[in-house]
Structures are given as C-alpha cells and as structure tokens.
Amino acid sequence: MADSRPSLRTYSYLGPRGTFTEAALAQVPEAVGQNWRSVNNVGEALDDVIEGRSDAAVIAIENSIEGGVSVAQDALATMPGLRIVGEYLVPVNFVLVARRGTTLADVKVVNAHPVAYAQCHNWMDATLPEHGHIPATSNVAAASALFENNLADAAIAPPGIVAHYDVDVLAENIGDNPNAVTRFLLVSKTTALPEPTGADKTSLIAELPVDRAGALLELLEQFSTRGVNMSLIESRPIGDELGRYRFIIDADGHIRDERVADALLGVRRFSPGVMFLGSYPRADKASITFDPKYSDDVFVEARDWLRGLITGEPEA
Ligand SMILES: O=C(O)C(=O)C[C@]1(C(=O)O)C=C[C@@H](O)C=C1
C-alpha cells in the first residue's frame, strides 16, 4: 500500500547535536518535527540545499564579538541560487570541559571552533597563557573529540554540552562578553520571497567598478539617496587578485518596498557584479522607520507623473 504520510522536509545544520546552530534551527517554526541533518561545515550545509539533499540550511553568519563568519559570507558569494529566507539570534556563552578527572592545571591543548575560540581570548590568555589550540568543526565536535583521541586536554563548548557528553566542567562563562550573540540565517533554494512584514532586511553582495575614485561612496549613495539605512557593510576579498573586494550589505526594508527596490536598481546599474541574497523578516522584529518622502506612495506618484509626461496626459 502506498505511504500517504506527507514526506518530511530536511534541514541541514552544523552538528553534532547541541551546537548553537542547532539552537538556531530550533527557532524555525516550520522546521519543528521535520528531519534535521547534521553536517560538518557551512559549505556542506549549503551544498545539501543546492543539490537537493535538504530543503534548507541554517548557518552562522555573524557574531557580536568576532564579526562576520567569513567562511559563510564567502560561501554565499560563490554559490549562486541560494536565498536567505529567515534570520535568528542565539545568545552564546561558553564553558571549558574535559574528560572526567582532568584539572585546569592538566590543560595544555584546547580544542575549539575558531569562532568560539576567538570569543574566549581574554579568559584563555589570562588563565592558560601557554595553551595550544587545535581547531574543531563545531563547538560540540570539540567536546566529542575528547572521547575520540587524546590530541586535546579540554574543549570550549556550549553550556548544554553536559546533556550530551560525560564531561567535567572546568570553568563556566569563559566568553569575553557575557552578552555575546550569534546571528544565523535560514537559507533555501526557493525564489519565492517571504512576505513583507514592515520589519524586514534585504541582503546583497556588490562589487565596485575597478579603479574609480569615490566608487564606494557611490555605492553607499544608492541607499542614502532613497532613505534606506544600511545595517551592515563588510568587505571580503574576491580572491582573484590582491586589492579586489566584494561588499556584503544588509539594508533595512524589503525588496517590495519601493525605496529598497529603487536602491537595488541603482546598485544594479552601478555595480559590475551584484547578487541579491534575499528579503526576509528581521530576527529582532524591529519596525523599519524612514522619512515619509521615501514612502511607497511617493514613489508611485512620481512614476505615474513621469508616465503621464511621456504619454502626453495633461498635468493635473
Ligand atoms: O553552532 C555552533 O555551535 C558552532 O560551533 C558554530 C559557531 C559559528 O560558526 O559561529 C556558532 C556560534 C558561536 O559563535 C561559535 C561557533
């Protein structure tokens, strides 16, 4: 007999179970009860989406202490066909864990995800000034490796690690900032845009025309002259030669907002390479405010006026 149950959707995330990325996925309402696929890195998660093994992936994109997650920014820039459809925030703090019986004095080598390690620099340097570091694929992978080999004496991990592994917690709250937050994106292959909510964000990547004085200013003007606030602009090397950069941009608003659409048209005319990454609801749900002269009806009225001039309608 044919199986009439609806098939589950699959979501890829940086695992294993217990990572902050899994905590971000748990915030995605439509992912609850679906199939969660644990992978080893951001590229694998996005490949899953492109090749159809998953319907969507959750990836870390920015940390409030460490800044942009460059591997995720570069993957989005070089893997066409992906769209950001959601944004989630996870508070992050860390513990130092070890195999049972280990003391702080025994710790010579620490295993940690590079982004987590960078957030614990002050504590590590003050408490274990001579420690060595080996990188892990995730915070939880760092802890699980303690039971697979003896390369490290301790691992930096999320506080919830004790629910998954039989470890001693050598120190708590070792992050440099107790209010650290990591921003995650839900990425899918769909081209259907999430509906505007009034609290949206639009992400894109743009290259500058080569060797032109004021090119970056001209890029910024595409947004400022339409009253669109940019909440993030970050450069990443394109990688083909020294001194060439692409700019990762988050702008307030949805592509269906006239002022945002008009800014994107300006960027498209100006930039030799522009990639639209998506318009999606902001994680903080903060409503976008803007000067009334940039509201949709003002753009529509101006366009109608122009159309009238062209078609020869008498001016009202
Ligand atoms: O999701 C996890 O737990 C990870 O190990 C990844 C990751 C990241 O890539 O930024 C997530 C959150 C923390 O900022 C540190 C590491």
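Throughout, numbering of the chain's residues begins at 1 and tracks the sequence. Indexing begins at 1, ligand by ligand and atom by atom, following the structure's order.
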Counting only heavy atoms, which portion of N63 has something under 4.0 Å from ligand 1: side chain, backbone, both, or neither?
side chain

Taking the six-membered ring of F290 as reference, does the cationic atom of R259 (NZ for Lys, CZ for Arg) lie under 6.0 Å from its centre and within 45° of its axis?
yes

Side chains of T10 and S54: donor-acceptor distance under 3.5 Å anywhere?
no

Distance flag, aromatic centroids of Y88 and F20, threshold under 6.0 Å
no

Against heavy atoms of A60, which atoms of ligand 1 measure under 4.0 Å?
8 (C), 9 (O), 10 (O)

Quick one: does Q119 get a heavy atom under 4.0 Å from ligand 1?
yes

So which protein heavy atom does atom 11 (C) of ligand 1 come closest to, and at what separation?
F184 CZ, 4.0 Å

Salt-bridge criterion met for R226 and E258 (N-O under 4.0 Å):
no

Look at atom 12 (C) of ligand 1 and find which of L25, V181, I59, T182 reaches it with the closest heavy atom.
T182

For ligand 1, does S138 get within less than 4.0 Å through its side chain, its backbone, both, or neither, judged by non-hydrogen atoms?
both

Please check if any side-chain donor atom of S231 sits under 3.5 Å from a side-chain acceptor atom of D250, or the reverse.
no

Among non-hydrogen protein atoms, atom 9 (O) of ligand 1 lies closest to H113 CE1, 3.4 Å

Atom 6 (C) of ligand 1 sits nearest the protein heavy atom L14 CD2, 3.5 Å

Applying a 4.0 Å heavy-atom criterion (strictly less than), which segment of N139 is in contact with ligand 1: side chain, backbone, both, or neither?
both

Look only at interatomic distance and state if F20 has a nitrogen or oxygen under 3.5 Å from any nitrogen or oxygen of ligand 1.
yes

Would you say the side chain of I233 lies within less than 4.5 Å of the side chain of I248, judging by non-hydrogen atoms?
no

Measure the distance from atom 10 (O) of ligand 1 to every protein heavy atom, then report the residue, atom name and distance (to 0.1 Å) of the closest one.
V115 CG1, 3.3 Å

Measuring centre to centre across the rings, with the benzene-like ring taken for any Trp, is H131 within less than 6.0 Å of Y117?
yes

By number and element, which atoms of ligand 1 are closer than 4.0 Å to a non-hydrogen atom of T21?
1 (O), 2 (C)

Are the charged groups of K108 and E130 less than 4.0 angstrom apart, N to O?
no

